Structure formats: C-alpha cells, structure tokens
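Report on the structure given below.
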Number of protein chains: 2
Amino acid sequence: MFLAKIYVTYKPSILDPQGEVIKSALHRMNFETVETVTQGKYFEVTMNNDDEAAAYDEAVAYTEALLINPNTETYRIDLLKSVEA
Amino acid sequence: MFLAKIYVTYKPSILDPQGEVIKSALHRMNFETVETVTQGKYFEVTMNNDDEAAAYDEAVAYTEALLINPNTETYRIDLLKSVEA
C-alpha cells in the first residue's frame with residue numbers, strides 16, 4: 001500500500017486571481033505580514049501496489065492524465081509507504 | 001520570512017463526492033490499484049515575520065478565520081523558515 005500526496009499549483013507565469021483575493025481579504029482582516037498567497041489543490045490517493053517504482057509511475061501517469069491542466073498547472077508528488085497493522 | 005504550507009481536507013466523517021468521482025474516473029482509465037481518493041485545498045502563504053511562534057499563531061488564526069469551513073474541514077500547517085539571499 002502506498003499513499004500518494006499530490007500538490008497541484010499554478011505555474012509561476014500563470015495569474016492566480018483566487019490567491020490575490022485571499023491576500024486582499026487577509027490584509028483587510030489585519031494580517032499585515034502576509035506577502036503572497038497561492039491556492040492550489042491537494043489530493044491524497046491510496047494505491048494497492050507492491051512495487052514502489054510502479055506506484056510512482058502510475059501516480060505520475062494519472063496526475064498528468066486527469067488531475068492537472070498541463071497548460072497552467074504543475075505538481076509535486078510525495079509517495080509514502082503506508083503499512084496497515 | 002516564513003512560508004506556511006496549509007493543507008485543507010474534509011473531516012473523515014464528511015462525504016467527499018469529488019474524490020469519489022475522481023476514483024471512478026481513474027478506475028475507468030484502468031488505474032485499478034487506486035483504492036481511495038480525497039481532494040482538498042493547498043495554500044502557500046509567505047509571511048514577513050521575524051518570530052516563528054508569532055508566525056505560527058497568525059497562520060492558525062487566519063486559516064481558521066478564512067481558509068477553512070470549521071464544520072466540515074480540517075487542516076495541517078507546515079511552517080518553513082525561508083531565507084532570501
């Protein structure tokens with residue numbers, strides 16, 4: 001069993017209007033120290049694989065095929081071995 | 001400068017229909033090893049603080065006040081000291 005934690009964020013060149021709105025709201029709420037905000041997506045996927053390399057390859061494949069928009073978004077995957085007692 | 005990485009997920013008792021839809025789609029795409037999928041939100045916030053404890057307290061405060069719905073969602077914060085050259 002593996003747990004893939006997948007973080008999807010906009011590419012740096014892409015405008016993130018939602019992040020800008022959140023930053024403005026935080027400033028209005030007197031959180032003045034906030035400098036930048038980006039909003040992304042976060043997925044946790046459990047996979048019933050035995051082999052780590054295969055699990056990683058699959059995670060990359062389905063992330064690129066379904067979870068992200070490759071034109072605007074980029075991703076990071078943390079793959080954890082998850083042991084059940 | 002600190003970078004707060006904030007992960008927002010549904011509480012375990014809350015139904016996550018979007019995660020279920022993604023799981024079904026992955027099965028149709030022959031990613032048969034996928035067992036569970038949850039979708040959440042991911043924020044990266046840079047903060048211009050000197051003090052780590054103060055930065056952490058602020059991050060908790062604005063996360064609970066703005067970023068999550070406390071009825072349905074829970075969160076984790078990783079606070080990283082970020083040094084600029």
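None of the values given here were measured: they were computed from a predicted structure. The figures here come from the full heavy-atom set of this structure, side chains too, leaving out hydrogens, waters and symmetry mates. Convention: sequence-line order gives letters A, B, ...; per-chain numbering from 1.
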Inset, instruction - Give a yes or no on whether B/D51 atom CG has more than 12 heavy-atom contacts from other residues, nucleotides or ligands under 6.0 Å away. - result: yes
Legend entry - A/Q18, CD: over 12 other non-hydrogen atoms inside 6.0 angstrom: no
Are [X] and [Y] grouped together when hydrophobic residues (ILVMFWY) are joined by side-chain heavy atoms under 4.5 angstrom apart?
X: A/F31; Y: B/L79; answer: yes
X: B/M29; Y: A/Y62; answer: yes
X: B/Y7; Y: A/Y75; answer: no
X: A/V34; Y: A/Y10; answer: no
X: B/F2; Y: B/Y56; answer: yes

Legend entry - Largest heavy-atom contact set with chain B, pairs under 4.5 Å, which of A/T9, A/L3, A/L66: A/L66
Inset, instruction - Between chain A and each of B/V37, B/N49, B/T36, count heavy-atom pairs under 4.5 Å; write down the option with the most. - result: B/T36
Legend entry - Selection from B/V45, B/T46, B/I6 maximising heavy-atom pairs under 4.5 Å formed with chain A: B/T46
Is there side-chain contact between [X] and [Y], with at least one heavy-atom pair below 4.5 Å?
X: B/T38; Y: A/F43; value: no
X: B/T33; Y: A/E58; value: yes
X: A/Q39; Y: B/E44; value: no

Inset, instruction - Might you work through the side-chain contact (heavy atoms from CB on, under 4.5 Å) test for B/L67 and A/I22, ending with a clear yes or no? - result: CA-CA 8 Å; B/L67 301 183; A/I22 294 169; 3.8 Å; yes
Inset, instruction - Side chain from CB out, backbone as N, CA, C, O: work out which of these in A/A61 comes under 4.5 Å of a heavy atom of chain B, or both, or neither. - result: both
Inset, instruction - Decide yes or no on side-chain contact (heavy atoms from CB on, under 4.5 Å) for A/Y42 and B/V8, but give the supporting numbers first. - result: CA-CA 8 Å; A/Y42 172 56; B/V8 177; over 6 Å; no
Legend entry - Part of B/K5 lying under 4.5 Å from any heavy atom of chain A: side chain
